[in-house]
Participant: 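Okay, here's the structure, questions in a sec.
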Protein chains: 2
Amino acid sequence: MINYTNELRQHNLKATPQRLAIVSALHRAGHLNIDSLYALMLKTFSSISLATIYKNMHLMIENSFIEEIKIPEQKSVYELTKSAHSHLVCKTCGLVEDITLNMSDILNETTSKSHFVISKTDLVLSGYCKDCQ
Amino acid sequence: MINYTNELRQHNLKATPQRLAIVSALHRAGHLNIDSLYALMLKTFSSISLATIYKNMHLMIENSFIEEIKIPEQKSVYELTKSAHSHLVCKTCGLVEDITLNMSDILNETTSKSHFVISKTDLVLSGYCKDCQ
DNA sequence: CTGACTGCAAACGTTTTGCACGGTA
DNA sequence: TACCGTGCAAAACGTTTGCAGTCAG
């Protein structure tokens with residue numbers, strides 16, 4: 001199990017036990033919504049507060065340590081910040097998976113068809129995972 | 001101003017004045033969040049209830065008459081269902097615009113890199129519109 | 001030692017519900 | 001006329017806040 005103490009400090013965040021637990025839960029699970037994260041945390045911190053979870057999520061999002069992913073017809077999930085990528089979501093079981101796709105054609109097409117300057121692309125591909133097809 | 005009476009009925013929805021007003025507001029504005037929609041509705045229906053708005057949104061989403069678009073760091077907006085397309089969002093002024101992009105390369109790449117069967121793609125391109133650059 | 005973090009409880013904003021009345025088909 | 005839809009008020013829900021005590025650095 002990786003120790004995130006230094007990473008947290010580099011993002012101006014104190015390495016409290018609760019925070020370390022949140023981060024390593026995200027590391028292990030990949031993607032978690034608030035409820036699942038809270039449920040996981042309760043296993044090790046029986047008295048952790050939902051307020052603590054929310055406060056930490058905001059703080060870590062502000063400091064770009066984690067990111068929120070909004071998903072159609074599902075609750076948002078959170079993940080540790082990594083290099084840009086897209087998401088696969090299973091409509092049946094809710095599984096969320098990362099996938100790295102080449103966006104350059106899309107961005108070129110956007111530039112030629114609009115007057116927007118794009119700084120971020122969020123792509124969610126919904127369908128059915130291997131097990132649910 | 002287009003009359004949506006028949007379209008509503010085709011989707012098993014009675015054409016009430018409130019519902020017609022919601023639909024034509026969406027038609028005119030293109031994309032609206034709940035607050036803006038409610039504010040607009042109050043101009044013509046001074047006693048319309050937020051509960052009515054919510055009930056209608058759900059009903060019309062279930063019947064595929066309208067769709068919710070989830071946007072990073074902004075409130076969701078709603079639009080009349082049209083053929084598949086992506087969205088441009090301005091980080092400064094919040095403007096949401098439709099854009100039709102060719103997704104076939106992305107879908108092919110996804111098929112070759114994963115075991116998901118994709119049925120829907122949601123792409124939000126965030127950046128700066130012509131006026132806000 | 002000091003400021004930041006935690007847990008609790010209360011507050012808050014948003015969305016949902018139940019119900020009596022009113023309107024569409 | 002029969003049912004569906006509306007508006008109101010209350011309830012439920014998820015999230016945020018204030019505060020006193022605790023802990024990391």
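All values derive from a computational prediction rather than experimental measurement. Chain letters run A, B, ... following the sequence lines, proteins first and then strands; every chain starts at 1.
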Participant: With a 4.0 Å cutoff (strictly under), does any side-chain N or O of B/Gln18 reach OP1 or OP2 of C/dG23?
Facilitator: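 Result: no.
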
Participant: Take the protein atom CG of B/Asn56 and the nucleotide atom C1' of D/dG5, then report the distance between them rounded to whole Å.
Facilitator: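 Value for this atom pair: 8 Å.
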
Participant: Just the rounded figure in Å: distance from P of D/dC4 to CG of B/Leu8.
Facilitator: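 Whole-Å distance recorded here is 16 Å.
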
Participant: Determine, step by step, whether A/His87 and A/Glu79 satisfy the side-chain hydrogen bond (donor to acceptor under 3.5 Å, both in side chains) criterion, reporting the C-alpha distance in whole Å, the side-chain angles of both residues, the deciding distance to 0.1 Å, and the verdict.
Facilitator: CA-CA 11 Å; A/His87 292 99; A/Glu79 67 180 8; 3.0 Å; yes

Participant: Could you walk me through whether A/Glu97 and A/His31 pass side-chain hydrogen bond (donor to acceptor under 3.5 Å, both in side chains), step by step?
Facilitator: CA-CA 8 Å; A/Glu97 233 177 59; A/His31 308 86; over 6 Å; no

Participant: I'd like a table of atom pairs between the protein and nucleotides 23-25 of chain D - only N or O on both sides, under 3.5 Å - with the distance next to each one.
Facilitator:
| from | atom 1 | to | atom 2 | distance (Å) |
| --- | --- | --- | --- | --- |
| D/dG25 | OP1 | A/Arg9 | NE | 3.0 |
| D/dG25 | OP1 | A/Arg9 | NH2 | 3.1 |
| D/dG25 | OP1 | A/Ala15 | N | 3.2 |
| D/dG25 | OP2 | A/Arg9 | NH2 | 3.0 |

Participant: Verify the distance criterion only: is there a donor paired with an acceptor across the side chains of A/Asn33 and A/Ser36 at less than 3.5 Å?
Facilitator: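 Note: A/Asn33 and A/Ser36 side chains meet the donor-acceptor criterion.
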
Participant: So, taking the atom named CD1 in B/Ile34 and the one named CE in B/Met57, what distance separates them when rounded to the nearest 0.5 Å?
Facilitator: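 With rounding to 0.5 Å, CD1 (B/Ile34) is 4.5 Å from CE (B/Met57).
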
Participant: Give the residues of residues 44-51 of chain A touching DNA chain C, defined as any heavy atom closer than 4.0 Å, sorted by residue number.
Facilitator: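 Close to the strand are A/Ser47, A/Ile48, A/Ser49, A/Ala51.
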
Participant: If I take atom CG in residue B/Leu59 and atom C1' in nucleotide C/dT17, what distance separates them, rounded to the nearest angstrom?
Facilitator: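 To the nearest whole Å, that distance equals 15 Å.
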
Participant: Has A/Asn3 got a side-chain atom pairing as donor or acceptor with A/Thr5's backbone, closer than 3.5 angstrom?
Facilitator: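 Yes; judged by distance alone, with no hydrogens or angles, the pair exists.
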
Participant: When you compare the side chain of A/Leu88 with that of A/Val96, does any pair of heavy atoms fall below 4.5 Å?
Facilitator: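 SC-SC contact between A/Val96 and A/Leu88 ruled out.
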
Participant: Are any protein N/O atoms closer than 3.5 Å to N/O atoms in nucleotides 19-21 of chain C? If there are, list each pair with its distance.
Facilitator:
none

Participant: Is any side-chain heavy atom of A/Val77 less than 4.5 Å from a side-chain heavy atom of A/Leu32?
Facilitator: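 With C-beta onward as the side chain, the pair stays apart.
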
Participant: Quick one: which of C/dG7, D/dT6, D/dG5 gets closest to the side chain of A/Thr52?
Facilitator: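 Taking heavy atoms from C-beta onward, the closest nucleotide is C/dG7.
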
Participant: Looking at CD1 of B/Ile118 and CE of B/Met103, how far apart are the two atoms once the value is rounded to the nearest 0.5 Å?
Facilitator: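 Rounded to the nearest 0.5 Å, the CD1-CE separation comes out at 12.0 Å.
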
Participant: In whole Å, I'd like the distance from the CD atom of A/Gln74 to the P atom of D/dG14.
Facilitator: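 Answer to the nearest Å: 16 Å.
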
Participant: In whole angstrom, what separates B/His58's NE2 from D/dT6's C1'?
Facilitator: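 These atoms are roughly 17 Å apart.
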
Participant: Inspect the contact between A/Lys70 and A/Asp122 and indicate whether a charged nitrogen and a carboxylate oxygen are less than 4.0 angstrom apart.
Facilitator: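 No, A/Asp122 and A/Lys70 are not salt-bridged.
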
Participant: Starting at atom CZ of A/Arg19, determine the distance to atom C1' of C/dT6, rounded to an integer number of angstrom.
Facilitator: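 It works out to 10 Å between those atoms.
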
Participant: Without decimals, in angstroms, what is the distance between A/Asn33 CG and D/dC13 P?
Facilitator: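 It is 17 Å, rounded to the nearest whole Å.
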
Participant: Check whether the side chains of B/Ser76 and B/Glu68 place a donor and an acceptor atom closer than 3.5 Å, and report yes or no.
Facilitator: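 The answer is yes; a qualifying pair exists.
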
Participant: Less than 6.0 Å separating the ring centroids of A/His27 and A/Tyr4?
Facilitator: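 Ring centres of A/Tyr4 and A/His27 closer than 6.0 Å.
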
Participant: To the nearest Å, give me how far apart CG (B/Asn12) and P (C/dT24) are.
Facilitator: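 Taking CG of B/Asn12 and P of C/dT24, I get 19 Å after rounding.
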
